[in-house]
S.K.: 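Encoded as structure tokens, here's the structure I'll be asking about.
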Amino acid sequence: MLFPYSDIIIRSIAVYFFMTIALRVFGKKELSQLNTADIILILLISNSVQNAMVGPDTSLEGGLIAALVLFIINFIIKKLTGNTKFLEIYY
């Protein structure tokens, strides 16, 4: 890998897209459409996919990098969907 945390970056991006697609498949497009059970499910899923993102790295740096990658990819997707009608439909 390019640098020690590249594995975390790749894993975090994969988990982000999986979760986005899974929420869309199960019909949740807006936060207002979530009920209490959905929020509990999301919290449980976030705990279960944590290891998929950081793998064996349990350091503070690993967790912060995973969170930073999620924020960055979310920012990029929001900017793209705001400027592109095609992506707005699917996101």
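Residues take their numbers from the sequence shown, with the count starting at 1. Nothing here was measured: the structure is a model prediction, and the numbers come from that model. Note: hydrogens, waters and symmetry copies are ignored here, and every other heavy atom, side chains too, is used.
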S.K.: Is there a path of hydrophobic side-chain contacts, each under 4.5 Å between heavy atoms of I, L, V, M, F, W or Y residues, that connects V54 with F17?
M.R.: yes
S.K.: Shortest non-hydrogen contact from G62 to I8?
M.R.: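 It is CA-CD1, 3.6 Å.
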S.K.: Is there a side-chain contact between F18 and I45, using heavy atoms and a 4.5 Å cut-off?
M.R.: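 Sidechains of I45 and F18: no contact.
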S.K.: Check side-chain contact (heavy atoms from CB on, under 4.5 Å) between V15 and all other residues, then give those that pass, not counting sequence neighbours.
M.R.: M19, V49, A52, M53
S.K.: Does some side-chain heavy atom of V69 sit less than 4.5 Å from a side-chain heavy atom of Y16?
M.R.: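 No, side chains not in contact.
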S.K.: Rounded to the nearest 0.5 Å, what separates atom CD1 in I76 from atom CZ in F71?
M.R.: 14.0 Å
S.K.: If you define the side chain from C-beta out and look only at heavy atoms, does anything of Y5 sit under 4.5 Å from S59?
M.R.: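 Of all side-chain heavy-atom pairs linking S59 with Y5, at least one is under 4.5 Å.
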S.K.: After noting the C-alpha distance and the side-chain angles of N74 and L70, does the key distance pass the side chain to side chain contact (heavy atoms under 4.5 Å, CB included) rule?
M.R.: CA-CA 6 Å; N74 189 56; L70 294 174; over 6 Å; no
